[in-house]
Amino acid sequence: MKSADLKDLKVICAEDVEAAARSGAKELLVRENAVFTPAAQDLVASHQMKLSNGSSQAPAKAAGDVVGAGTQWEKLFFSAEAEAIKAEIVHAGHKLWHRQYVDGNGGNISYRIGEDAVICTPTLVSKGDLTPADLCLVDLKGTQLYGARPRTSEILLHLEIYKAVPAAKGVVHCHPPHATAYAITGRVPPNCVIPEYEVFVGSIAVSPYETPGTQKFAETVIPYVRTHNTVLLGNHGIVCWADTVTHAEWYAEVVETYCHTLLIASQLGAPISQIPGAKATDLLAIKQKLGIPDARFGLDECQVCDVMNPETPISLPPRPGAGGLKPAAAQGDDMESLVQSVADAVLAALNKKTS
């Protein structure tokens, strides 16, 4: 009898059972206390699969059972505070999906509800389909405390932020295309261009690439978290954190809109003007009053608009005339020259025909 080894899974979902069935498995090797989601339970029955822990039969728990059922974590997960947070996470997930900041089952969201408890999104669920019942509860080590679905593998990234920044309560990770364009080129957008960006985000960093879902990936943001609220994740996407999930999602919108605007402006054939340093320090003063971190606090005004991640050059995408498209004036000159050459050729042909 062919077996599928699922012993690494604490919570077994429908996708896991389907994959085993496609491989031809008739037996599932599971850990002693494995929990099956209701959909997975139904599939096990429909495929007539045997459940085993390798030495003796290990029956699946009843449909509807979840990790942490009947514990203090269950009470926390269904508290009035948690219900409001779960609704906020679901709403933020739907916004990310509708704005095309995530695709497939990409992205993840979390909220720190207690000293050692974090509500987070599960793995393999589209943020457009997210419901409160899909969410999970984990501790700061990443151990799942409650929930019918397995937690996202990238929760480790969120946990490093929570451990380093106690004021952080909500974390949003997503893949908005224009901001991610900067992340995959290893560049950060320039500062001192749009006031709202300066106040709510402003100082941004790029972390080196590591395999998503690993502890090494989670640790890539540690050098930046105390002086930033947003990091471009190398070859991946962005992560934002704030005092609420909604505010973290706002920062993602601010970053994406800013990057998009810069890319549009770079095609207009004129240099992008910057806010003067003295005026930029006024914006930083507002930001400091709001309690939003920035690596530029305390710098002289002449330095505020030139600060960069020491490992990552600040630069705009190529502007017309800088190795890309020519400026509008140059394009006009080329058109005039082309028209003149065509006219000369036509006149030469006519003269040749009449001579």
Side-chain angles (χ1 to χ4, degrees), residues 1-78 82 86 89-90 93 97 102-110 117-139 141-156 158-159 211-215 217:
M1 180 185 299
K2 186 173 182 180
S3 300
D5 191 347
L6 304 181
K7 287 184 178 179
D8 290 337
L9 303 178
K10 292 182 179 179
V11 181
I12 298 172
C13 297
E15 293 87 350
D16 304 315
V17 179
E18 282 286 13
R22 286 195 298 271
S23 72
K26 290 297 183 180
E27 179 184 45
L28 301 181
L29 301 180
V30 299
R31 60 173 63 194
E32 186 175 351
N33 295 317
V35 175
F36 286 68
T37 65
Q41 188 88 336
D42 292 341
L43 286 172
V44 169
S46 65
H47 290 297
Q48 298 183 335
M49 290 178 164
K50 178 183 177 182
L51 302 177
S52 173
N53 61 17
S55 58
S56 60
Q57 190 170 344
K61 293 187 178 181
D65 279 5
V66 294
V67 170
T71 67
Q72 61 172 330
W73 303 119
E74 182 178 29
K75 294 178 181 178
L76 175 63
F77 192 71
F78 290 108
K86 287 186 283 185
I89 290 174
V90 169
W97 189 85
V102 290
D103 58 348
N105 61 285
N108 31 78
I109 307 167
S110 71
V118 174
I119 297 176
C120 69
T121 50
T123 189
L124 296 175
V125 174
S126 166
K127 303 308 165 287
D129 299 327
L130 198 62
T131 70
D134 294 321
L135 302 182
C136 315
L137 189 70
V138 302
D139 63 19
K141 294 179 181 178
T143 303
Q144 187 156 341
L145 305 172
Y146 192 88
R149 290 183 177 274
R151 51 83 164 164
T152 172
S153 64
E154 292 182 4
I155 189 60
L156 300 177
H158 300 226
L159 299 180
T211 304
T214 65
Q215 183 60 33
F217 167 68

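- Contact detail for C120 and I155: the closest heavy-atom pair is CB-CD1, 3.6 Å.
- Closest approach of I119 and A82 over heavy atoms only: CD1-CB, 3.9 Å.
- For the atom pair SG (C136) and CD (Q144), the distance works out to 4.5 Å, reported to the nearest 0.5 Å.
- Between the CD atom of E27 and the CE atom of M49 there is a distance of 10.5 Å, given to the nearest 0.5 Å.
- Heavy atoms only, all atoms of each residue included: K7 and R31 are closest at O-NE, 3.1 Å.
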(message) Applying side-chain contact (heavy atoms from CB on, under 4.5 Å) to L145 and F77, what does each step give before you reach the verdict?
(response) CA-CA 9 Å; L145 305 172; F77 192 71; over 6 Å; no

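- Atom CD1 in I12 sits 14.0 Å away from atom CZ in R149 (nearest 0.5 Å).
- No side-chain heavy atom of P150 sits less than 4.5 Å from a side-chain heavy atom of L9.
- Between L159 and D139, the shortest heavy-atom distance links the atoms CD1-O, 3.6 Å.
- In this structure a side-chain-to-backbone donor-acceptor pair under 3.5 Å is present from R151 to G142.
- The two residues A117 and L76 make their nearest non-hydrogen contact at CB-CD2, 3.7 Å.
- A cation-pi arrangement is absent between K75 and Y146, since the terminal nitrogen or guanidinium carbon is not both under 6.0 Å from the aromatic centre and inside a 45° cone about the axis.
- With hydrogens and angles disregarded, no donor-acceptor distance shorter than 3.5 Å links the side chain of T152 to the backbone of T121.
- Counting only heavy atoms from C-beta outward, the side chains of S52 and V30 never approach each other to under 4.5 Å.
- A side chain to side chain contact (heavy atoms under 4.5 Å, CB included) with V125 is found for one member of N105, N108, L130 and no other, namely L130.
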(message) For a side-chain contact (heavy atoms from CB on, under 4.5 Å) check, start with the C-alpha distance between C13 and L124, then their side-chain angles and the critical distance, and finish with the verdict.
(response) CA-CA 10 Å; C13 297; L124 296 175; over 6 Å; no

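- Counted within 6.0 Å of CH2 on W73, heavy atoms from surrounding residues, nucleotides or ligands total more than 12; the atom is thus considered enclosed.
- Scanning both residues, G107 and V102, for their nearest heavy atoms gives CA-CG1, 3.9 Å.
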